[in-house]
Amino acid sequence: MANPGRAAAGRGVYLDGLNPEQREAVEATDGPVLVLAGAGTGKTRVLTTRIAHILSLGLAWPSQILAVTFTNKAAREMKERIHAMVGEEVEGMPWLGTFHSIGVRMLRRHAELVGLRSGFTILDTDDQIRLLKQLLQAENIDEKRWPARLLANVIDGWKNRGLGPQQVPAGEGASFANGRGQKLYADYQARLKALNAVDFGDLLLEGIRLLRENPDVLADYHRRFRYILVDEYQDTNVAQYLWLRLLAQGSRNVCCVGDDDQSIYGWRGAEVDNILRFETDFPGAKVVRLERNYRSTGHILGAAAHLIAHNEGRLGKTLFSEGERGERVTVTGAWDSQEEARAIGEEIEQLQRQGHALTQVAILVRASFQMREFEDRFVTLGLNYRVIGGPRFYERAEIRDALAYLRVIASPSDDLAFERIVNVPKRGLGDAALRQIHDHARAAQLPLVEAARELVTSEELKPKVRQTLRDLVGSFDRWREQMATMPHHELAEIVLDESGYTEMWQKDRSADATGRLENLKELVRSMEPFENLIGFLEHISLVMDVDGGAGGDAVNIMTLHSAKGLEFDTVFLPGWEEGVFPNQRALDEQGRAGLEEERRLAYVGLTRARRRAKVFFASNRRIHGLWQSAVPSRFLDELSEKDVEVTESRGGSGWGGGQSGRYGYGPSRFDEAQSFGSSYSTPGWQRAQARQESGRQGAFSGGGSVGGGFADNRPSRFAASEGARGRVIEGELIAKSTGTPARFALGTRVFHQKFGYGEVTSVEGNKLTVLFDKAGEKKVVDSFVEAA
DNA sequence: GGGCCGGCATGTGTT
DNA sequence: ATGCCGGCCC
């Protein structure tokens, strides 16, 4: 099977350093393979090395490999890593990307076969909902009772399961608006076709239809794709599974990598069953388990393993590590959520004093409302933090408005974009005018812009409205002409200016207006690298993400969901209370399945930690403005005792337990408060109080600009810095092991504020291991020591 | 057409 | 407690 000619060049160099299981997964190129890759077992490495291996053996050309991921970030990383291994060839991997980007690629090539034209637009959630709203209005459905948002979810759910309007089970079509769900779905699809548009779900669903209804096209892809690789297989939904299965029927060389224990997206349509059933779906499949963990210490793995063992219906893996056992997982109770935040803040300051980088610390919460407490606390302490996740750049209203202008310029038939900005800024083209344009468009079978163009030559509109609309149409014509002669980012600036859009925000005196103007500038800047406007718009319809700078040294705050795939030295896991985590709604709506997914989420959280995992719970928490007392999470009891240390909250008031049984399960070893003395006079507490008084200036002037935390009406450092940055990506979170020249050589004598004098015994990028004369061996970041 | 008030929900979130 | 949306009034 190997092609000796190509294999000769540097054979197997890339295989060095793989463990036997990883190597097995890489080398099993033929037939179906399922790689069950536990947390921190080198999953990405296996995937990328496998591709390098296939290329290096000459088994396939880069263009003959289909490699799918869920996120752009994952695709980007994979590209980079393959590139590092095999060089230029990766440029020729046109089929490495997200399910959706590959879906678009296929649909654009064969658009006419599914009733589209090749230049179809891709609607995002916002457009989708506005469209559905129109349909609901047309049907006279009470939007209060049946919100468009809900319908969008219902339709997405159907699409996730690979169901077209005709395939919706009868009972379910009735579930929305008294049985009108299915009809609305059908109407919606018809509207999309009329608009020459698709939504995200269609990118797969129409892809499936394309392959099913056109055997020649399918056969073509079968010939093309000699190898198929899928990342995060546990997150695939039914539609993705069907799509993959169709394509994999060709070569049958399909390799899926995933971890059933990390399936946390069931609520979004992911089917754990896909991974559980792999061997049935692909008979003769080889299953490789990666269980050797390179990330976490023994105690962390032990606690996580014991927890996840409470789930049924797993494929079963047991992670092991050859590293040290390390520190036990700590469990700390606090009186309320404020004390929890205070205790965590103190532990972080402690770590900071010991020389730990804040980028290596993360707080992982179940729900975003928990973040606020930490933000407040950290602002008070002057501790830098960054919130990862949250509203994304391209979802901001001002960005979407600006994009709508550009969309209308690029494709005059984009009615949804036109509707969005026809009266933004306010120019007197309200509902009445828009309705007239709509009516004419429907009668004349024209896009809205064209209908408007005709309408202004008639007497139908009021003179004032007619003039405004004529000007607007004229502006779009002018901008469209300029598109040919002018760099697109300059055009964007002109459009925002001449349309009055920039001015609208300049006049706006609300607190976030400056931030929005910043965002618009950032948008214009982000357009520069693209070849032209069309290219830019195509990119952002699929990549609703912007690379934010990594920012300075700051604590990472994010949800457990967005932490998947990341790792940190120290992980704080607050809010382990019944109702919060496991989340009550997950239990109510999904029962046992919901509980198991919550448990997997806990497992994901624990396994993000390399060296320290610190779990917290509070007895009282304010939820929706009401103080509620809570019971420690059942997950606490599911951590193995030998791996856990129950510590005292620094605030020291314990949690006043004794409320177990409220949720109908047994007593907990965390019910009793006896291990928590009331020690309000601990040094930490005194210091915290001192800080609260004197430390205020630190909150506002302290350190880098990463910290946000100002609520809406406070000075907009938040909006201007963090706000513009949006999502932060993984890249910088892991300490660099190469690249930066080491500041200290082995054997150098150094001095550390806390540990005193010592000698460098190992160097890993910016991380040093130092044998201190008094304090013994410690790992420190190089910026915290100086040459002695 | 614009601004104010009241009702309602308020898990996780990629493409 | 808080924010968002829709309805209602000027």
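What you see is a predicted model; the values in this text were computed from it and never measured. Both backbone and side-chain heavy atoms feed into the values below; hydrogens, waters and symmetry mates do not. Chain naming here is simple, since letters A, B, ... match the order of the sequence lines and numbering starts at 1 in each.
- A 6.0 Å sphere centred on CZ of Arg105(A) holds more than 12 heavy atoms belonging to other residues, nucleotides or ligands.
- Take Arg108(A) and apply the salt bridge (charged side-chain N to carboxylate O under 4.0 Å, His left out) test, not counting sequence neighbours, and it matches Glu538(A).
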Inset, instruction - Check the pair Arg366(A) / Asn583(A) against side-chain hydrogen bond (donor to acceptor under 3.5 Å, both in side chains), numbers first and verdict last. - result: CA-CA 8 Å; Arg366(A) 174 62 182 83; Asn583(A) 177 277; 4.8 Å; no
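- For Trp267(A), counting side-chain heavy atoms from C-beta on, the closest listed nucleotide (dG11(B), dT12(B), dT15(B)) is dT12(B).
- Across dA1(C), dT15(B), dG11(B), the shortest atom-to-atom separation from the side chain of His100(A) is found for dT15(B).
- Within the structure, a side-chain polar atom (N or O) of Arg585(A) is placed less than 4.0 Å from OP1 or OP2 of dT10(B).
- Residues Asp202(A) and Lys193(A) are not paired through a salt bridge, judged by the lack of any N-O separation under 4.0 Å between the basic side chain and the carboxylate.
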Produce the list of close N/O pairs, under 3.5 Å, pairing protein atoms with atoms of nucleotides 6-10 of chain C; give distances to one decimal.
residue, atom, partner, partner atom, Å
dG6(C), OP1, Lys133(A), NZ, 3.1

Under 3.5 Å, which protein N or O atoms sit close to an N or O of nucleotides 1-3 of chain B? Give each pair with its distance.
residue, atom, partner, partner atom, Å
dG1(B), OP1, Gly428(A), O, 3.0
dG1(B), OP1, Gly430(A), N, 2.4
dG1(B), OP2, Asp431(A), N, 3.4

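- Put simply, Ser562(A) has a side-chain N or O that comes within less than 4.0 Å of OP1 or OP2 on dG13(B).
- Note that Arg191(A) lies outside the cation-pi zone of Tyr188(A), set by a 6.0 Å cut-off to the ring centre and a 45° limit from the axis.
- Paired with Leu132(A) under the rule side chain to side chain contact (heavy atoms under 4.5 Å, CB included), one option of Val154(A), Leu184(A), Leu151(A) passes, and it is Leu151(A).
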